[in-house]
Number of protein chains: 2
Amino acid sequence: MARAATTSDAFNAIAEPQRRDILVLLRGGERPVTELARDLGMTQPQASKHLRVLREVGLVKVREAGKQRLYGLDARGLRPIHEWVGGFERFWNESFDRLDDYVRELKQAGQEGPDHGDDEQ
Amino acid sequence: MARAATTSDAFNAIAEPQRRDILVLLRGGERPVTELARDLGMTQPQASKHLRVLREVGLVKVREAGKQRLYGLDARGLRPIHEWVGGFERFWNESFDRLDDYVRELKQAGQEGPDHGDDEQ
DNA sequence: TTGACGCATGCCGATATAGGCATACGATGA
DNA sequence: TCATCGTATGCCTATATCGGCATGCGTCAA
């Protein structure tokens with residue numbers, strides 16, 4: 001096997017910096033391919049290809065407008081990511097040493113009696 | 001070129017589902033490699049390799065414990081991701097059609113001058 | 001020392017990405 | 001119809017991933 005397809009996931013799609021840049025730019029509203037390419041300093045084919053990936057994972061939508069194709073943001077696909085990552089919030093808020101303590105406490109609590117509940121996906 | 005290195009970014013590191021699983025499991029506390037491998041149904045070398053990537057991007061830390069090496073979570077690297085993705089929150093909260101309207105309003109406002117007042121949420 | 005265990009690596013193969021460049025295609029206007 | 005603009009694709013190369021398998025290495029117990 002190789003790496004998971006960039007189009008398999010929103011996770012994989014946004015792993016590419018340029019694609020992230022595109023999304024950010026798109027927050028400002030719909031844009032035609034060429035404009036995106038220009039603003040981000042990439043070639044038109046490059047932009048088109050990245051947009052294809054983003055389209056396939058559903059992070060952008062296209063709208064025909066005469067000769068142009070306007071790409072717009074569809075951020076809904078980012079929500080799951082935000083939630084997944086958010087599941088770690090308490091862990092980065094704790095300082096490191098204290099985090100270890102915290103974990104050890106959890107373990108003990110788990111062995112001794114009713115738990116504090118906290119787990120999985 | 002090829003794809004960005006998996007170790008170049010936390011973004012790239014968590015693009016791999018198995019690595020995400022490891023992180024989730026690690027929320028429960030430190031674990032030795034073999035246990036992780038067993039619980040996640042992967043081979044030991046596989047686990048080691050994924051842990052290496054996670055270690056290189058700083059999402060996990062290791063601690064020697066006799067024959068074992070205990071891997072623990074260091075979620076601090078996830079924070080930037082959470083923030084980046086969080087920058088799109090308002091966009092996935094809007095329904096799609098309304099989002100377009102919103103964007104159009106922004107554009108007009110930008111061209112005409114002082115706005116119509118009234119946006120988001 | 002020897003042996004078992006826990007883990008990290010090395011090597012190989014299959015796959016697919018991202019970039020560069022050329023080009024095909026649809027829409028618009030002359 | 002023809003030229004042109006705006007995009008999407010195709011092809012080629014270099015690179016690196018992930019998985020499988022074997023093996024190297026350090027630690028601990030006989």
Side-chain angles (χ1 to χ4, degrees), chain A residues 1-23 25-26 29-73, chain B residues 1-23 25-26 29-73:
Chain A
M1 264 191 194
R3 219 158 154 181
T6 55
T7 53
S8 60
D9 237 13
F11 277 101
N12 279 282
I14 67 167
E16 163 67 57
Q18 310 232 57
R19 274 189 297 259
R20 258 175 274 153
D21 292 341
I22 289 181
L23 293 179
L25 233 160
L26 252 29
E30 298 178 322
R31 305 256 173 120
V33 180
T34 307
E35 194 179 317
L36 284 170
R38 175 170 50 70
D39 289 11
L40 296 173
M42 44 181 147
T43 67
Q44 174 269 311
Q46 248 181 84
S48 278
K49 287 173 183 175
H50 280 144
L51 286 166
R52 179 166 172 50
V53 173
L54 292 173
R55 204 193 319 149
E56 287 189 33
V57 296
L59 287 173
V60 301
K61 64 185 198 307
V62 211
R63 186 165 63 93
E64 317 268 337
K67 291 202 276 191
Q68 307 186 132
R69 312 195 83 196
L70 297 175
Y71 279 84
L73 189 61
Chain B
M1 264 190 197
R3 222 158 150 180
T6 56
T7 53
S8 60
D9 236 14
F11 276 102
N12 279 281
I14 67 167
E16 163 66 56
Q18 310 231 55
R19 274 189 298 259
R20 260 174 273 152
D21 292 340
I22 290 181
L23 293 178
L25 214 92
L26 254 27
E30 297 178 322
R31 305 257 172 119
V33 180
T34 307
E35 195 180 316
L36 285 171
R38 175 169 52 68
D39 290 11
L40 296 175
M42 46 179 147
T43 68
Q44 174 270 309
Q46 247 180 85
S48 278
K49 286 173 183 174
H50 280 144
L51 286 166
R52 180 165 171 51
V53 173
L54 292 173
R55 204 193 318 149
E56 287 190 31
V57 296
L59 287 174
V60 300
K61 63 187 197 306
V62 210
R63 184 166 66 94
E64 318 267 338
K67 291 202 276 192
Q68 308 187 132
R69 313 197 80 198
L70 298 175
Y71 279 85
L73 188 61

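Numbers restart at 1 for each chain; the letters A, B, ... are given by sequence-line order, proteins then strands.
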It should be established whether [X] places a side-chain nitrogen or oxygen under 4.0 Å from OP1 or OP2 of nucleotide [N].
| X | N | answer |
| --- | --- | --- |
| B:H50 | D:dG19 | yes |
| B:R69 | C:dA8 | yes |
| A:Q44 | D:dT7 | no |
| B:Y71 | C:dG6 | no |
| B:R19 | D:dC18 | yes |
| B:Q68 | C:dG6 | no |
| A:Q18 | C:dA18 | no |
| A:R3 | D:dA16 | no |
| B:T43 | D:dG19 | no |

Handout entry: 5' precedence on DNA chain D between B:N12 and A:L51 (nearest-nucleotide basis)
Key =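 Comparing both residues, the 5'-ward one is A:L51.
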Practice task
Specify the residue among A:K49 and A:A4 whose closest nucleotide of DNA chain D lies further upstream toward the 5′ end.
Solution key: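 The residue closer to the strand's 5' end, by nearest nucleotide, is A:K49.
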Of all the choices, [options], which nucleotide is nearest to the side chain of [X] once you look at every atom?
| X | options | value |
| --- | --- | --- |
| A:T34 | D:dA8, C:dA8, D:dG6 | D:dG6 |
| A:S48 | C:dT17, D:dT9, C:dG19 | D:dT9 |
| A:A2 | C:dA18, C:dC21, C:dA14 | C:dA14 |
| B:K67 | C:dT9, D:dT7, C:dC5 | C:dC5 |
| B:P32 | C:dA18, C:dC7, D:dG26 | C:dC7 |

Handout entry: Within-4.5 Å side-chain heavy-atom neighbours: B:L26 and B:L36
Key =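 Side-chain contact under 4.5 Å: yes.
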Exercise for the section: Report yes if some heavy atom in the side chain of A:D21 is under 4.5 Å from a heavy atom in the side chain of A:H50; otherwise report no. Expected result: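 No. Closest side-chain heavy atoms not under 4.5 Å.
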Exercise for the section: Specify the residue among A:E16 and A:P45 whose closest nucleotide of DNA chain C lies further upstream toward the 5′ end. Expected result: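 It is A:E16, whose closest nucleotide lies nearer the 5' terminus.
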Practice task
Using the side-chain hydrogen bond (donor to acceptor under 3.5 Å, both in side chains) rule, pick out the option among B:R63, B:R55, B:K61, B:E35 that qualifies with B:Y71.
Solution key: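 One option only clears the test, and that one is B:R55.
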[X] has an atom [atom1]; how far is it from atom [atom2] of [N], in whole Å?
| X | N | atom1 | atom2 | result |
| --- | --- | --- | --- | --- |
| B:Q46 | C:dG10 | CD | P | 17 Å |
| A:L36 | D:dG6 | CG | P | 14 Å |
| B:E30 | C:dC7 | CD | C1' | 16 Å |
| A:M42 | D:dG6 | CE | C1' | 16 Å |
| A:R38 | D:dC5 | CZ | P | 16 Å |
| A:R52 | C:dA18 | CZ | P | 13 Å |
| A:E64 | C:dT28 | CD | C1' | 14 Å |
| B:E56 | C:dA8 | CD | C1' | 12 Å |

Problem - Polar side-chain atom of A:R31 near backbone of A:L70 as donor-acceptor pair, under 3.5 Å - result: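 Answer holds: no.
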Exercise for the section: Examine distances only and state if a side-chain atom of B:R19 and a backbone atom of B:I14 form a donor-acceptor pair shorter than 3.5 Å. Expected result: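 Not at all, since once roles are kept as given, no pair shorter than 3.5 Å links the two residues.
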Practice task
Assess whether side chain to side chain contact (heavy atoms under 4.5 Å, CB included) is satisfied between A:L54 and A:E16, documenting all intermediate values.
Solution key: CA-CA 11 Å; A:L54 292 173; A:E16 163 67 57; over 6 Å; no
